[in-house]
Amino acid sequence: MAGWDEGNVFYSDQRYLAEEEEEETYTRNQAKRKFVEFIRSYQDHGEGSDAVDVYIYRDQLSRQKNKLHVDLEDVKAFDEDLCELLKRSPVIYLPLFEAAASEVYASFQNKNAEGEEPATQEVQVFLESQTQFGPASLRELSSEHIARLVRISGIVIAASKTKSKATHMTIMCRNCNNTKVIPCSAGFGTTQLPRRCDLLHTENQSERCPLDPFVVLPDRSKYVDMQTLKLQENPEDVPTGEMPRSMMLSIDRHMVQRIVPGTRVTLVGIFSIFQQNNKRGGGAVAIRQPYIRVVGLEEHVEGNARAAPTFTYEEEQEFREFADSPDVLEKVFSKVAPSIYGHPDVKRAVACLLFGGSRKILPDGVRLRGDINVLLLGDPSTAKSQFLKFVEKTAPIAVYTSGKGSSAAGLTASVIKDPQNGEFYLEGGAMVLADGGVVCIDEFDKMRSEDRVAIHEAMEQQTISIAKAGITTVLNSRAAVLAAANPPSGRYDDLQTAKENIDLQSTILSRFDLIFIVKDERNFDRDVQIARHVVGVHQKATEEHGAFDKRRAAEESFLKRFIEYARSRCTPRLSEAAARILQDEYVRIRQEIRKSAEQSGGQPPVPITVRQLEAIVRISESLARMSLKSVANEAHVREALRMFRVSTMDAARSGVTEGLVFTPEQRQEMINVEAQIKRRLPVGSYMSTKNILREMGRLGLSEPSVRRCLIFLSQQGDVDFRRERRVVYRSH
């Protein structure tokens, strides 16, 4: 121990000692050999008596050559320690896995004619997992997950252009032409060029190259394709009152150009960090921005996506038994918004919207939409928003938005400029995010007209065309639209015509399959029933909270799964007899509308066009789909026609005269008002509307009654309004 303190300083930093690294189960060479053994020898034994052993990864590699999809459950079954190493240190062991796959693939190749070994083929390994591990959502990601494997679900809202990322960079010294190859880190990681040339000159050892002598040789470097995506939490997973979280994704090689904005994905990736530089020359050194380097990507197939969702045998049996019951339609309608009293036809329309019709592709490539659009227009406090909330909760994929807080770009798609590199990229809006589901738009009448025009294409063609900032593309928006709106005056006014109450352009109205005018009728018996129902709902929710919630949750879950099952397994078509009935009825409806337009001297507020014929077809198919029938028969068509008549046809026919329903007391009051007006207004004379209202008020007659009578007399042709309704002229 002598001299232990001479010339040196010894210290102990016990507070900040790094955790001792755990001893690895395998060295890198051992892990690589294990991966080779796994690819060569792992077998899928199958199930049942006819099971055949299949070398799934060896066969897959021989077929696909440059990519290999690996299930982490299979790695765990082969060697649990190896799987844990892959999850804990993917940056180290994933390149070893890919090197092992390249080695196995090279062993399949024969030597060429000159006896040389075949060139090494790079293989990209995709990691997939059906079971959740690590954090379940973006909100749960923290610093302890950095450099570890994670499995996250979300929705892609933006995609950048494809770029080239260097994997090996060739650099050359400007002074001595010394070249060397340096590897580059994957993802957003950067590589520092060496500051000194390490070549020693033979003639003069003391002569060295200057500092920073290296330049990059781009044409001699190796590159892979790379793309940046933006992942956002699923709308249904965002807590109430919170903003949805988002995360940047880095994908490369064979995953590039596969995902478009609006796609729901489940990914396996490495949670990583990178240094983000701002425009002023750099950010804080110790602060890093998180991102996920994707190593496995799986598109969601729920709802109305490209592939069918999976169901258990017990679920399928339950659904088929439910569909075989004689009153299946009434059972489905009773499950729609059970807490809302009345509105039976609106509930039927909402059920049809959730199930939808059949999407068709014609021989010439034209696509016909199968989604049903519904508009609820009428008085406040008639449960319109509650219907929208129910659909948002029940539909497999749904996005809820309000008209006042929605712009054209927010509903369709916007082009965003990346602050880092100045690139433009697409970010999908509500119609894109709800692809395969439903868009619920509340306060539809509060939207600006130019924003409403932006969704014309999305509602009929179910695509969104973008031509901005050098980006020209078409996004899918195969979504049904459920909209709720109020008349311009706030309430549905019987003293105004239907055109004045429905203050929407005919171009947007024709895109709605069903239009319901919902009125708050003042009826004593109805008010008593509604009051009893609402109070009962509140009492049950308070007294039997647990059981009530469980039963309702079970019913909602059943309806949601049944909708998914029906949409994925059933694509009904019209029968011949049903098609004939529909053709005859459509021609008759057009004739009725033409006659009423000729009598009234104007166009109906809701146009009846070929779109409405297609709407009845879609409604018939959705009714057949509820009972899992492959053919829509005459009963389905008649019910669809009835729903069309009580909704869109009533709206098209509605006017002041049709909207007035007189009780005996109102009729007697109308006769009295009419007599008083005619007594004070001789034929051929004028009188201001204000004076008429004042004189009738002195006689004890209410202003609404007088206005209603004036409108009625105008419809009959006895009086005419002049000077913007400020003057009344007696013509008969």
Side-chain angles (χ1 to χ4, degrees), residues 16-42 57 67-104 123-154 167 183-190 231 245 247-253 255 265-275 286 288-298:
Y16 298 105
L17 279 176
E19 296 181 3
E20 294 185 5
E21 294 186 3
E22 298 179 8
E23 187 177 348
E24 300 291 357
T25 312
Y26 299 115
T27 64
R28 297 193 180 192
N29 286 333
Q30 289 173 337
K32 184 177 177 182
R33 287 198 298 271
K34 277 285 184 183
F35 285 132
V36 170
E37 183 184 349
F38 168 75
I39 297 171
R40 285 181 178 276
S41 61
Y42 186 80
Y57 296 114
K67 52 186 176 182
L68 182 66
H69 294 265
V70 177
D71 193 337
L72 286 172
E73 296 300 311
D74 293 341
V75 181
K76 187 175 182 180
F78 176 77
D79 191 325
E80 192 168 346
D81 294 334
L82 192 64
C83 183
E84 284 303 314
L85 286 176
L86 196 56
K87 289 181 180 178
R88 196 168 64 242
S89 304
V91 178
I92 298 173
Y93 291 96
L94 186 59
L96 295 176
F97 204 163
E98 294 188 343
S102 300
E103 184 179 315
V104 173
V123 178
Q124 183 176 10
V125 173
F126 297 90
L127 299 181
E128 299 169 354
S129 177
Q130 299 301 319
T131 57
Q132 181 64 42
F133 61 87
S137 68
L138 290 176
R139 290 176 181 272
E140 298 176 17
L141 286 172
S142 62
S143 58
E144 65 183 22
H145 299 113
I146 291 175
R148 293 178 181 267
L149 214 58
V150 294
R151 182 180 185 271
I152 300 291
S153 296
T167 56
C184 301
S185 55
F188 294 155
T190 58
L231 185 78
R245 302 277 176 89
M247 178 77 68
M248 300 301 292
L249 307 180
S250 168
I251 60 175
D252 56 17
R253 293 180 281 182
M255 286 186 284
V265 297
T266 297
L267 61 91
V268 175
I270 305 170
F271 187 45
S272 311
I273 54 175
F274 73 101
Q275 176 72 42
R288 298 288 191 270
Q289 297 295 324
Y291 74 101
I292 297 176
R293 181 158 71 89
V294 181
V295 296
L297 199 60
E298 181 184 0

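In this structure, CD on E73 lies 15.5 Å from CZ on F78, to the nearest 0.5 angstrom. Going from atom CD of E298 over to atom CD of Q130 covers 5.0 Å, rounded to the nearest 0.5 Å. Rounding to the nearest 0.5 Å places CG of L72 at 10.0 Å from CD of E84. The distance from atom CG of L94 to atom CZ of R293, rounded to the nearest 0.5 Å, is 6.5 Å. Distance check: M255 CE to Q124 CD gives 5.0 Å after rounding to the nearest 0.5 Å.
The side-chain heavy atoms of Y57 and V104, taken from C-beta on, include no pair separated by under 4.5 Å. Inter-residue side-chain proximity for L141 and I292 is flagged as met; some heavy-atom pair is nearer than 4.5 Å. For the pair E103 and K32, the minimum side-chain heavy-atom distance is below 4.5 Å.
Looking at I146, I152, L149 one by one, the single match for side chain to side chain contact (heavy atoms under 4.5 Å, CB included) with F271 turns out to be I146.
A perpendicular orientation is assigned to the rings of F97 and F38, their planes being inclined by more than 60° (bins at 30° and 60°).
Between A101 and L68, the shortest heavy-atom contact is CB-CD2, 4.3 Å. Between A100 and I39, the closest heavy-atom pair is C-CD1, 4.2 Å. Scanning both residues, L138 and M247, for their nearest heavy atoms gives CD2-CB, 3.8 Å. The two atoms that bring P90 and P95 nearest to each other are O-CD, 3.7 Å, heavy atoms only.
Judged as a salt bridge (charged side-chain N to carboxylate O under 4.0 Å, His left out), and not counting sequence neighbours, the contacts of K34 are D79. Taking R151 as the reference, S129, Q132, F133, T266, V268 meet the side-chain contact (heavy atoms from CB on, under 4.5 Å) condition, with sequence neighbours excluded. Not counting sequence neighbours, the partners of R28 by the side-chain contact (heavy atoms from CB on, under 4.5 Å) test are I92, L96.
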Test side chain to side chain contact (heavy atoms under 4.5 Å, CB included) on Y42 and V75 and set out the steps.
CA-CA 9 Å; Y42 186 80; V75 181; over 6 Å; no
For the pair L86 and L127, evaluate side chain to side chain contact (heavy atoms under 4.5 Å, CB included) and give the outcome as yes or no after the intermediate values.
CA-CA 10 Å; L86 196 56; L127 299 181; 4.1 Å; yes
